[in-house]
Amino acid sequence: MADPIRVRFAPSPTGFLHVGGARTALYNWLYARKVGGTFVLRIEDTDAERSTAESVDAIYEGMRWLGLDWDEGPEAGGEFGPYFQSERRHIYRAEVDRLLEADQAYPCFCTPEDLKSMRDSLKAEGKDASYDGRCGKLSRDEAAARVASGEAHAIRFRSPADGETALFDVVRGKMVFQNALFEDFVILKGDGLPSYNFAVVVDDAAMRISHVIRGDDHISNTPRHLMLYAALGYKLPKFAHLPMILGEDKTRLSKRHGATAVAEFAKEGILPQGMMNYLALLGWSLDGKTEFFTPKKLIEAFSLKRVGSNPSVFDIEKLSWLSGEHFKILALDEKAAGVHAHLLAKGYDLPPLDARFVEMVELQGNRIKSFAEAEFGMDHFFKELPNYDASAVTQYLLGDAPQKLVALAERWQALEEFTAEALENALREEAASWSLKAGELIHPMRVAVVGQSKSPDIFKTCELLGRDLCLKRLKAKG
Ligand code: GLU
């Protein structure tokens, strides 16, 4: 029977969940969901100085917002835990001891100063500034005695001096590396924590990961991983390295390019479905043309075979457009709930999410393509006075317009029911009394009430706004 499909997302908790990490998480999740495999979350916190609890939380939050639920990992549990590398020291130690026993690793007593002067002199000779293997030449007895005496040391892997290592990558095909290019690298640091290259191999094997799907910035590390797989006698997983994500200037996407943290997009009102859809297209395509995918459709359509090796450029316009496409198909109650949450987060003093609020959102119709855009059309509902557009005021509220608005306010005040229909009838009567066409009074009324020369159905807007605010606004400009 084939081994079960198990994939993992293995972030280092040293910052927010950014676009690149989220794309890696997504592809692993999509693959697991597509084939009925298991999606594991593992926190690679072996860099004690840079790892933080806030970052771990930000990773969970980003993944949850995107809808990437993990089957095993922190908070979910699982039979291959612990899922924090900092809690797995005993596992790494046991594997280091196996390599030491087999003389495939050795203690290195070089101090940072020793290493620096070694590198400097290698450089001066025009050679690669890599470790020269000097501690690997100590006798095992001497090394053991120095360790026993308590001398500070790291452990290095004795990497093969010659030959080649071949990587068969699902995305890139075959890549061959000369072993001589790889120094004896550190597997256990002086502080007793494993290096990334070691921990990742030990854990992927221990957690029975079948497919390692990650960014192609790790390709250069992979030969080291393959050497360790061989030395430790582990079964190899399949590797799939995802193409780089670039900024508009075609350099690797980074903070310099603006927002890259998933949480920032969430804050700007991008929909998680839109973000998921967009991230999926950064390196994968179904047929080179279909762009809109719901999460369900993505799971159905996704395959590692259709992941390309060409870098893709992060295009914020396209992200917004896709998010808008997903917005269009949201049910009204979902839209209203999202707008409500967005406006609350923005600090608005809102009424409850009730039928009236839902009507306010419904009234906006297709004018809003994101929660964020809702703010522009709806903010006036939650204030005494709207923001007045200066040119609309100049165009419609000068001359005797204020006088007419005051008269209109009086007529509206007398209405028994403050409904769109009653408001419209009363306005028509008021306009007729001045021998105006209805439109000639509607325009100034609109500017007085919403501050702009355009709005959704203005009578419905007035009804939802309520008698007090409407009259106050008519009079404010009267
Ligand atoms: N912890 C590594 C990183 O955040 C990922 C390692 C991997 O996926 O192999 O870059």
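Each ligand, and each atom within it, is numbered from 1 in the order the structure gives.
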Original post:
Can you name the residues that form a ring-ring contact (aromatic ring centres under 6.0 Å, His included) with Phe327, not counting sequence neighbours?
Top reply: Phe371
**OP:** Specify whether Tyr278 and Phe314 have parallel, tilted or perpendicular ring planes, treating 30° as the upper limit for parallel and 60° as the lower limit for perpendicular.
**Re:** perpendicular
Original post:
Who passes side-chain contact (heavy atoms from CB on, under 4.5 Å) against Val56, sequence neighbours left out?
Top reply: Pro13, Ile43, Tyr60, Phe84
Original post:
Looking at residues at least two apart in the chain, or sitting in another chain, which of them share a side-chain hydrogen bond (donor to acceptor under 3.5 Å, both in side chains) with Glu359?
Top reply: Lys460
In a simple table, one pair per line, please give the protein and ligand 1 atom names for every N or O pair closer than 3.5 Å, along with the distance.
{"residue": "ligand 1", "atom": "1 (N)", "partner": "Ala10", "partner atom": "O", "Å": "2.7"}
{"residue": "ligand 1", "atom": "1 (N)", "partner": "Ser12", "partner atom": "OG", "Å": "2.9"}
{"residue": "ligand 1", "atom": "1 (N)", "partner": "Glu44", "partner atom": "OE1", "Å": "2.6"}
{"residue": "ligand 1", "atom": "4 (O)", "partner": "Ser12", "partner atom": "N", "Å": "3.3"}
{"residue": "ligand 1", "atom": "4 (O)", "partner": "Ser12", "partner atom": "OG", "Å": "3.2"}
{"residue": "ligand 1", "atom": "8 (O)", "partner": "Arg8", "partner atom": "NH1", "Å": "2.8"}
{"residue": "ligand 1", "atom": "8 (O)", "partner": "Arg8", "partner atom": "NH2", "Å": "3.4"}
{"residue": "ligand 1", "atom": "9 (O)", "partner": "Arg8", "partner atom": "NH2", "Å": "2.8"}
{"residue": "ligand 1", "atom": "9 (O)", "partner": "Tyr196", "partner atom": "OH", "Å": "2.9"}
{"residue": "ligand 1", "atom": "9 (O)", "partner": "Arg214", "partner atom": "NH1", "Å": "2.8"}
{"residue": "ligand 1", "atom": "10 (O)", "partner": "His218", "partner atom": "NE2", "Å": "2.9"}

Subject >> Side-chain donor/acceptor of Thr52 to backbone N/O of Ser55, under 3.5 Å >> reply: yes
**OP:** Using a strict 4.0 Å threshold on nitrogen-to-oxygen distance, state whether Asp354 and Arg356 make a salt bridge.
**Re:** no
